[in-house]
Amino acid sequence: EGHHRSVPTYEYMTQEEEWDRDLLLDPAWEKQQRKTFTAWCNSHLRKAGTQIENIEEDFRNGLKLMLLLEVISGERLPKPDRGKMRFHKIANVNKALDYIASKGVKLVSIGAEEIVDGNVKMTLGMIWTIILRFAIQDISVEETSAKEGLLLWCQRKTAPYRNVNIQNFHLSWKDGLGLCALIHRHRPDLIDYSKLNKDDPIGNINLAMEIAEKHLDIPKMLDAEDIVNTPKPDERAIMTYVSCFYHAFAGADKHNWDLCIQCYLVLVALPLPLFQLTPEKTMQAMQKKLEDFRDYRRKHKPPKVQEKCQLEINFNTLQTKLRISNRPAFMPSEGKMVSDIAGAWQRLEQAEKGYEEWLLNEIRRLERLEHLAEKFRQKASTHEQWAYGKEQILLQKDYESASLTEVRAMLRKHEAFESDLAAHQDRVEQIAAIAQELNELDYHDAASVNDRCQKICDQWDSLGTLTQKRREALERTEKLLETIDQLHLEFAKRAAPFNNWMEGAMEDLQDMFIVHSIEEIQSLISAHDQFKATLPEADGERQAILSIQNEVEKVIQSYSMRISASNPYSTVTVEEIRTKWEKVKQLVPQRDQSLQEELARQHANERLRRQFAAQANVIGPWIQTKMEEIARSSIEMTGPLEDQMNQLKQYEQNIINYKHNIDKLEGDHQLIQEALVFDNKHTNYTMEHIRVGWELLLTTIARTINEVETQILTRDAKGITQEQMNDFRASFNHFDRRKNGLMDHDDFRACLISMGYDLGEAEFARIMTLVDPNGQGTVTFQSFIDFMTRETADTDTAEQVIASFRILASDKPYILADELRRELPPEQAQYCIKRMPPYTGPGSVPGALDYTSFSSALYGESDL
């Protein structure tokens with residue numbers, strides 16, 4: 001579509017009025033045109049429930065522009081594009097411009113792209129062409145038209161008014177009296193012209209616009225200040241506004257003539273259709289008549305209904321306007337009354353109704369006949385679809401190359417077809433009956449019906465014959481295949497177990513074995529020998545199975561059958577049996593060889609096990625014995641510490657000299673690991689046990705020597721006698737319940753209480769920080785000696801112990817064994833009873849024990 005059009009202009013557009021792209025609008029005129037054209041557009045758009053705010057923006061997408069043209073013209077424009085892209089907007093504006101151009105308007109260099117881009121000058125120019133075409137062109141006064149007609153109408157209407165001289169559409173209207181005169185001439189009840197003042201142009205213009213808006217439904221389109229203050233007001237703005245007054249008032253002058261013409265058009269446009277009642281032979285022809293009738297009702301009649309309604313509305317509007325203007329009512333001429341139109345319309349509708357009823361009855365009659373023909377066609381089509389290809393299927397010789405299972409399936413399928421065939425007998429009979437009825441009713445296409453019916457009956461007879469022949473052939477083939485089937489079944493029953501046996505044998509012969517002893521490998525060799533003994537029997541079964549297949553092939557060849565010798569019951573083939581049997585024979589000697597190699601390896605491993613066990617069974621007990629000797633020496637030694645030290649040094653030398661036995665055992669253990677031997681039934685000792693025991697032995701002898709060295713240093717520093725050292729050792733050993741050279745906290749607490757300590761929790765905690773500074777939970781013999789030597793140096797301690805025993809004895813100078821057992825833990829009580837001498841002082845009773853002497857002796861203050 002082109003963006004610029006050059007359609008011939010109307011005569012009313014003089015040279016000076018044509019739009020020039022290259023000239024700029026006067027800013028004052030542009031402002032006036034904006035206001036006037038916007039108001040004019042909105043006066044029409046409001047009928048469609050919308051409006052514009054900005055004239056160059058709101059028409060850019062073309063949608064409101066198309067709507068404006070539809071409202072003004074009462075015609076439908078092409079459907080607008082709803083997209084938001086630029087090309088959619090251009091397409092819509094072009095549809096509007098095409099419509100304007102179709103009305104003979106010359107759009108002087110106005111293109112869609114300028115409107116879409118919001119070009120103010122082009123947009124105003126376009127609206128002006130619309131106003132000219134639809135609001136001004138049709139004005140006609142005394143053989144003048146358009147602009148000149150409008151000017152002449154204004155001059156005629158304002159001629160009697162003083163101070164009004166209309167010569168143009170700019171300066172003549174600046175004082176506002178021309179507008180007021182137009183209103184007063186048609187509606188003297190709305191304005192008092194005698195009170196107007198020529199020197200108040202703004203007041204006059206505003207008064208005229210307010211009355212026009214309120215009473216004449218003409219919106220305000222001008223700005224009074226702009227009109228008055230502009231040297232030459234914009235001609236187009238004033239023409240547009242004045243044209244609204246012409247349409248508001250001049251209608252009453254021309255409706256008389258319009259109404260007569262419209263009456264005439266409606267009456268002339270209502271010729272009675274040629275509703276002739278001519279029957280047709282076919283449904284199609286009658287439906288064409290009905291369609292033509294409906295087309296008339298749908299397309300041709302509605303515009304006439306609209307014209308009739310509009311005519312009545314125009315007539316009523318005209319009478320109302322005449323009455324408001326205090327003018328006489330309009331009386332149409334004879335034959336052009338509203339009642340004449342109604343009478344003509346009623347006659348038309350009666351003719352339509354009679355024709356429509358006849359059409360529907362005739363269609364129903366043909367419909368019954370067509371229904372019967374359609375029923376024949378449907379049943380025939382259904383039967384033909386069902387029968388299509390059936391003869392070819394029945395002529396097939398597919399059974400000649402089928403298996404027994406397939407032939408039996410074919411027989412079952414054929415039986416189902418025979419049932420289906422019998423069920424279709426009724427339909428064939430119905431088809432023949434309908435064809436006969438159509439012939440009796442003299443159906444127009446009876447010849448094709450008879451031809452089709454004959455073909456169906458002939459085919460039906462052929463299907464019956466072919467069905468019987470196929471059944472006989474299938475039954476013959478079934479019997480022949482049953483013999484082969486029995487052979488196949490026997491082959492399958494014997495081949496599957498034999499195939500499984502061969503596969504199992506191949507798996508076993510190739511099975512990876514992992515053994516750890518001579519007994520295990522000998523068990524495998526024995527099992528293999530048993531398997532080899534079964535091979536002759538298996539070979540006999542193989543030959544019997546192959547002979548069954550040979551029999552099948554003979555039967556097929558004898559009867560020249562076109563079927564495969566393959567077995568439907570078995571996936572095992574003769575070739576597979578031959579191949580697997582050869583594989584089994586090949587694997588047997590390979591298995592023999594691998595078993596013998598493994599036997600030799602196990603003998604070698606057994607020698608390594610015995611060699612390791614012989615040494616480990618000596619070294620393990622030796623380490624254990626040495627550990628026990630060292631432990632015993634630390635508990636039982638009573639002689640001088642120097643003698644203990646010499647004995648321990650001797651132990652240490654013996655241990656060092658034994659190291660070469662450990663090294664030799666490590667060498668044998670490495671050989672065992674390299675041979676991947678992980679168990680040894682000949683010994684309970686592992687290399688890890690020996691290593692841990694050996695390291696513990698070295699640690700224990702070193703620690704024990706260190707303890708004795710420490711005791712010697714302590715003894716010499718503190719001046720402790722050998723006898724005191726022995727007593728300390730005896731006390732420590734007594735309370736060392738586990739006999740591991742350590743006392744736990746409970747042992748130590750019992751030891752302290754037996755020595756007469758009155759222990760609270762705080763006091764015991766203080767002592768434990770001395771004897772167990774690292775919080776290990778145990779007290780060593782060395783810590784015990786350090787503590788005891790500190791305590792013996794305290795002279796108050798013996799007296800404290802005696803005071804404690806006196807409390808237990810209830811202030812008696814002696815204590816009884818029962819009281820000790822009742823007050824002290826069992827071990828401490830036993831310790832005291834065993835070491836306390838009998839009491840022989842004043843007030844002695846049988847069993848009295850002397851706790852004073854016991855306490856003094858414990859702290860070395862007497863010869864005890």
Side-chain angles (χ1 to χ4, degrees), residues 516-517 602 604-639 641-712 729 732-745 747 772 774-785:
H516 303 291
S517 68
Q602 287 302 325
N605 288 350
E606 184 64 16
R607 284 193 295 278
L608 287 174
R609 285 192 190 95
R610 290 180 182 278
Q611 186 176 327
F612 178 87
Q615 297 177 75
N617 288 339
V618 173
I619 293 171
W622 185 86
I623 291 172
Q624 185 64 30
T625 303
K626 291 299 172 190
M627 287 290 290
E628 290 170 358
E629 287 176 359
I630 293 166
R632 203 162 45 246
S633 71
S634 67
I635 293 170
E636 295 176 356
M637 285 182 186
T638 54
L641 292 174
E642 286 76 3
D643 292 348
Q644 292 179 32
M645 178 62 77
N646 290 335
Q647 188 177 354
L648 290 171
K649 291 283 187 182
Q650 190 176 347
Y651 282 153
E652 185 180 38
Q653 191 58 46
N654 289 344
I655 291 166
I656 292 166
N657 293 340
Y658 202 76
K659 175 74 164 60
H660 70 280
N661 293 308
I662 304 296
D663 294 341
K664 184 174 184 309
L665 190 66
E666 284 281 10
D668 290 345
H669 179 252
Q670 185 174 349
L671 293 175
I672 281 179
Q673 282 190 318
E674 288 168 358
L676 300 177
V677 176
F678 302 109
D679 63 325
N680 194 337
K681 67 180 179 180
H682 303 298
T683 179
N684 292 326
Y685 292 102
T686 65
M687 194 64 231
E688 190 60 30
H689 288 143
I690 299 295
R691 288 191 195 115
V692 170
W694 178 253
E695 288 166 5
L696 184 61
L697 180 63
L698 293 175
T699 305
T700 303
I701 189 66
R703 189 185 73 242
T704 309
I705 288 170
N706 178 255
E707 285 177 358
V708 173
E709 287 173 342
T710 307
Q711 289 173 23
I712 291 171
R729 169 61 72 180
F732 186 88
N733 289 345
H734 176 77
F735 286 98
D736 175 11
R737 285 180 297 171
R738 293 180 185 77
K739 306 304 178 191
N740 62 350
L742 296 168
M743 279 195 287
D744 62 23
H745 286 194
D747 295 340
D772 183 17
N774 296 326
Q776 293 177 338
T778 56
V779 180
T780 63
F781 181 60
Q782 182 61 43
S783 297
F784 180 70
I785 293 171

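Everything quoted here is computed from the prediction, not taken from an experiment.
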TODO: Kindly indicate whether the side chain of Leu697, heavy atoms from C-beta on, has any atom under 4.5 Å from the side chain of Trp622.
DONE: yes
TODO: Enumerate the residue pairs fulfilling salt bridge (Lys or Arg N to Asp or Glu O under 4.0 Å) with a member in residues 615-626, sequence neighbours excluded, ordered by first and then second residue.
DONE: Lys626-Glu629
Task: Point-to-point distance, once rounded to the nearest 0.5 Å, from CG of Leu698 to CD of Glu652 - done: 9.0 Å
Task: Results of side-chain contact (heavy atoms from CB on, under 4.5 Å) for Glu688 - residues two or more places apart only - done: Thr686, Arg691, Val692
Task: Gln615 CD to Gln611 CD distance, which is reported to the nearest 0.5 Å - done: 6.5 Å
- [ ] Output all residues satisfying salt bridge (charged side-chain N to carboxylate O under 4.0 Å, His left out) with Glu606, sequence neighbours left out; order by chain, then residue number.
- [x] Arg609, Arg610
Open item on the list: Quick check for you: to the nearest 0.5 Å, what is the distance between Gln650 atom CD and Asn654 atom CG?
Closed with: 6.0 Å
Task: Other residues, nucleotides, ligands: >12 heavy atoms within 6.0 Å of Glu674 CD - done: yes
Task: Minimum-distance pair of heavy atoms, taken over all atoms of Pro621 and Ala616 - done: CD-O, 4.0 Å
Task: Residue pair Ile705 / Met645, side-chain heavy-atom distance below 4.5 Å - done: yes
Open item on the list: Any side-chain to backbone donor/acceptor pair from Asn774 onto Gln776? Under 3.5 Å, distance only.
Closed with: no
Task: Heavy-atom closest contact (Asn684 atom, Asn617 atom, distance) - done: N-OD1, 4.5 Å
- [ ] Report yes if the side chains of Ile619 and Tyr685 come closer than 4.5 Å at any heavy-atom pair, otherwise no.
- [x] no
Open item on the list: In the structure I gave you, are the side-chain heavy atoms of Met687 and Phe612 within less than 4.5 Å of one another anywhere?
Closed with: yes
- [ ] Mind listing the closest non-hydrogen atom pair of His682 and Ala613 along with its distance?
- [x] CB-CB, 3.5 Å
TODO: May I have the step-by-step check of side chain to side chain contact (heavy atoms under 4.5 Å, CB included) for Glu666 and Ile690, ending in yes or no?
DONE: CA-CA 10 Å; Glu666 284 281 10; Ile690 299 295; over 6 Å; no
Open item on the list: side-chain hydrogen bond (donor to acceptor under 3.5 Å, both in side chains), that's the test. Do Gln653 and Asn657 meet it? Break it down for me.
Closed with: CA-CA 6 Å; Gln653 191 58 46; Asn657 293 340; 3.1 Å; yes
- [ ] Would you give the length of the straight line joining atom CG of Leu648 to atom CD1 of Ile701, rounded to the nearest 0.5 angstrom?
- [x] 5.0 Å
Open item on the list: Test of understanding: with side chain to side chain donor-acceptor pair (under 3.5 Å), list the residues that count as partners of Asp744, not counting sequence neighbours.
Closed with: Arg737, Arg738
- [ ] Answer yes or no: is there a side-chain heavy-atom contact under 4.5 Å between Leu608 and Asp668?
- [x] no
- [ ] List the atom of Ile623, the atom of Trp694, and the distance in Å for their closest heavy-atom pair.
- [x] CD1-N, 3.9 Å
Open item on the list: So, using side-chain contact (heavy atoms from CB on, under 4.5 Å) as the criterion, who are the partners of Thr700 when residues are at least two apart?
Closed with: Met627, Ile630, Leu696, Arg703, Thr704
Open item on the list: I need the Asp747 CG to His734 NE2 distance, nearest 0.5 Å.
Closed with: 10.0 Å
Open item on the list: Checking Asn706 now: which residues fulfil side-chain contact (heavy atoms from CB on, under 4.5 Å) with it, not counting sequence neighbours?
Closed with: Glu709, Thr710
TODO: Dump the intermediate steps for side chain to side chain contact (heavy atoms under 4.5 Å, CB included) on Phe678 and Leu676, then the final yes or no.
DONE: CA-CA 6 Å; Phe678 302 109; Leu676 300 177; 4.1 Å; yes
- [ ] Using a cut-off of 6.0 Å, state whether more than 12 heavy atoms not belonging to His689 lie near its atom NE2.
- [x] no
